[in-house]
Amino acid sequence: MSQADTILGMYEAMHAALGDSDWWPGETPFEISIGAILTQNTNWTNVEKAIDNLKNADLLSPKAMHDLDIHELAELIRPAGYYNIKARRIFNFLKFLKNEVSYNLLALKEYSLENVRPKILGVNGIGPETADAILLYALDFPTFVVDAYTARLAHRHGLAFEGIDYHELQSLFMDVLPQDVAMYNEYHALIVRIGKDWCKKKQGLCDTCPLKHFLE
DNA sequence: CTCCTGGTTA
DNA sequence: TAACCGGGAG
C-alpha cells in the first residue's frame, strides 16, 4: 500500500469507527484561539477549567482580557498549568490582535494564509502547532495541524522517522490530502482521539485500535 | 508514578 | 540539546 493510500485509508477507518468529531470545542473563534494556547502540552480537561473561569468572569473577549492585569489572568488560567508563561503568551497574542486588527480576530480571515501565518508565528509563545490550530479551527484556513499524536501515529505506522520536523510531517499529509478545510479539521481531531484512547505514549493498544489494519 | 492536542530560552 | 514551565487526572 502506498503512503498516500495509507494516509487516505487511515482517515476513512478512523471516521468509520469514531464518527464526526465536531471540532474544535469552543463557542467562538476567540475562545478557540485562547484554548489553542492553553492546551499546549496540557490535558484538555484542565484547559476546560481555565476557560470556565474566564467565561464566569465574562472575560472571553479580546479587549476585556487585554485590559486585565496579567497576574489576575494567570490566576484564572491556573488549572491549565504553565499559567505564568501562558498568561504572557495570551497577552502577546492580544497585543498582536490589538495592533494588527484592532481586536477584530475575524478580520484576519481577509488575509491570505501565506501572509497571516508568519504574522501569528511572530507572536512569542505561538509556535507552528498553535498557529495552525488557530488558523484552521478559528479562522477556517486550509492548513493541517500536526502534533505529538500525529508524529507518534505516523512513526508507528512507518510513515515517518521519530523526531520528524513539524513542517515535514505536515507536508506528508498536505501533499496527499485534498485541500479541504473540513477534512483537515476532522482528520486532526480523529488523530487526537485515536492518540488519547489507543495510540498512547508508552504502549499503544493496537489490538483494539481502529487503525490496526494499517500496521506494517 | 506518568502524561497531557508545545514553545522558548540557555 | 536540554532545561524549564505546572496543575490535574488516571
Side-chain angles (χ1 to χ4, degrees), chain A residues 10-11 14 18 20-26 29 31-54 70-96 117-139 141 143-156 160-170 172-174 183-205 209 211:
Chain A
M10 289 198 304
Y11 175 80
M14 290 191 292
L18 305 180
D20 288 325
S21 305
D22 296 320
W23 267 32
W24 181 296
E31 181 181 335
I32 290 169
S33 303
I34 297 303
I37 295 173
L38 290 176
T39 198
Q40 290 171 352
N41 201 33
T42 298
N43 191 302
W44 183 256
T45 60
N46 291 3
V47 176
E48 283 185 314
K49 300 176 190 302
I51 290 181
D52 283 345
N53 288 345
L54 295 172
I70 193 165
H71 299 101
E72 294 180 37
L73 177 59
E75 202 52 42
L76 287 166
I77 65 172
R78 189 184 185 104
Y82 301 146
Y83 48 92
N84 288 311
I85 282 184
K86 285 175 180 174
R88 255 182 283 144
R89 291 179 177 179
I90 287 173
F91 215 77
N92 293 339
F93 180 63
L94 296 172
K95 278 189 292 183
F96 163 74
R117 191 173 188 276
K119 286 182 182 290
I120 293 183
L121 279 174
V123 177
N124 185 293
I126 297 188
E129 181 184 340
T130 306
D132 284 328
I134 292 172
L135 289 166
L136 176 64
Y137 289 104
L139 299 173
F141 279 104
T143 188
F144 194 80
V145 180
V146 302
D147 61 351
Y149 287 135
T150 314
R152 198 155 73 210
L153 187 152
H155 175 241
R156 288 178 176 172
F161 60 92
E162 205 168 10
I164 184 173
D165 168 76
Y166 183 93
H167 292 102
E168 285 186 61
L169 182 59
Q170 182 181 49
L172 201 66
F173 287 85
M174 290 188 71
M183 185 183 203
Y184 289 170
N185 179 320
E186 185 60 35
Y187 205 141
H188 174 67
L190 287 165
I191 287 178
V192 172
R193 294 167 71 193
I194 289 288
K196 287 172 67 170
D197 295 337
W198 286 278
C199 206
K200 296 169 180 290
K201 186 169 187 178
K202 200 166 186 180
Q203 190 176 18
L205 307 177
C209 181
L211 295 177

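All chains are named by letter (A, B, ...) in the order of the sequence lines, taking the proteins before the strands, and each is independently numbered beginning at 1.
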What distance, rounded to whole Å, do you find between the two P atoms, one in dT5(B) and one in dA3(C)? 24 Å
Does the side chain of L205(A) reach to within under 4.5 Å of the side chain of D197(A), using non-hydrogen atoms? no
D197(A) atom CG is separated from dC3(B) atom C1', nearest whole Å, by 14 Å
Under a 3.5 Å distance rule, please check whether D165(A) uses its side chain to pair with a backbone N or O of H167(A) as donor and acceptor. yes
Y149(A) OH - dT5(B) C1' separation (whole Å): 6 Å
With no hydrogens and no angle check, is any side-chain donor or acceptor of Q170(A) less than 3.5 Å from a backbone partner on V146(A)? no
Provide, to the nearest angstrom, the distance between the CD atom belonging to Q203(A) and the C1' atom belonging to dT2(B). 14 Å
Taking for T45(A) and for Q40(A) the nucleotide of DNA chain C with the nearest heavy atom, the one nearer the 5' end belongs to Q40(A)
Suppose we screen for side chain to side chain donor-acceptor pair (under 3.5 Å). Which residues come up paired with T150(A), at least two apart in sequence or across chains? D147(A)
Please report, rounded to the nearest Å, how far the C1' atom of dG6(B) is from the CD1 atom of I134(A). 13 Å
Report the residue (Y166(A) or C199(A)) whose heavy-atom-nearest nucleotide on DNA chain B is the more 5′ of the two. C199(A)
Taking A80(A)'s backbone N and O only, do any of them form a donor-acceptor pair with K86(A)'s side chain (distance below 3.5 Å, no angle check)? yes
Taking atom C1' of dG6(B) as reference, at what distance in whole Å does atom CD1 of I120(A) sit? 16 Å
Is there any protein nitrogen or oxygen under 3.5 Å from a nitrogen or oxygen in nucleotides 8-10 of chain B, and what are the pairs?
{"from": "dT8(B)", "atom 1": "OP1", "to": "G125(A)", "atom 2": "N", "distance (Å)": "3.0"}
{"from": "dT9(B)", "atom 1": "OP1", "to": "N124(A)", "atom 2": "ND2", "distance (Å)": "3.2"}

Would you mind reading off the distance between E48(A) atom CD and dT5(B) atom P, rounded to a whole angstrom? 11 Å
Does N84(A) reach the main-chain N or O of A74(A) with its side chain, forming a donor-acceptor pair under 3.5 Å? no
What is the distance, to the nearest angstrom, from the CZ atom on R88(A) to the C1' atom on dG6(B)? 15 Å
Which part of the nucleic acid does A80(A) contact within heavy-atom distance under 4.0 Å: base, sugar-phosphate only, or nothing? base
Name the first nucleotide and the last nucleotide along DNA chain C (5' to 3') that come under 4.0 Å of a heavy atom in chain A. dC5(C) to dA9(C)
Taking A160(A)'s backbone N and O only, do any of them form a donor-acceptor pair with E168(A)'s side chain (distance below 3.5 Å, no angle check)? no
Pairwise P distance, dA10(B) and dG6(C) [rounded to whole Å]: 15 Å
Measure the CG-CG distance between N185(A) and L190(A) for me, rounded to the nearest 0.5 Å. 9.5 Å
Hey, does D147(A) reach any base, or is it just sugar-phosphate, or nothing, if we go heavy atoms under 4.0 Å? sugar-phosphate
Checking all strands, does R152(A) fall into the base, sugar-phosphate, or nothing category for heavy-atom contacts under 4.0 angstrom? sugar-phosphate
Look only at the side chain of R89(A) and the backbone of I37(A), and say whether a donor-acceptor pair between them is shorter than 3.5 Å. no
Between dT5(B) and W24(A), is there a base-stacking contact, meaning the centre of the base's six-membered ring lies under 5.5 Å from the residue's ring centre while the planes stay under 30° apart? no
Choosing from dG6(B), dC3(B), dT5(B), which nucleotide comes nearest the side chain of K202(A)? dC3(B)
Answer with base, sugar-phosphate or nothing: what part of the nucleic acid does K200(A) contact at a heavy-atom distance below 4.0 Å? nothing
To the nearest angstrom, the NZ-P distance between K49(A) and dC4(B) comes to 18 Å
If only atom types and distance count, is the side chain of D132(A) paired as donor or acceptor with the main-chain N or O of T143(A) below 3.5 Å? no
Across the strands shown, which category fits T42(A) at heavy-atom distances under 4.0 angstrom: base, sugar-phosphate, nothing? base
Provide the distance between the two P atoms, one in dG7(B) and one in dG8(C), to the nearest whole Å. 23 Å
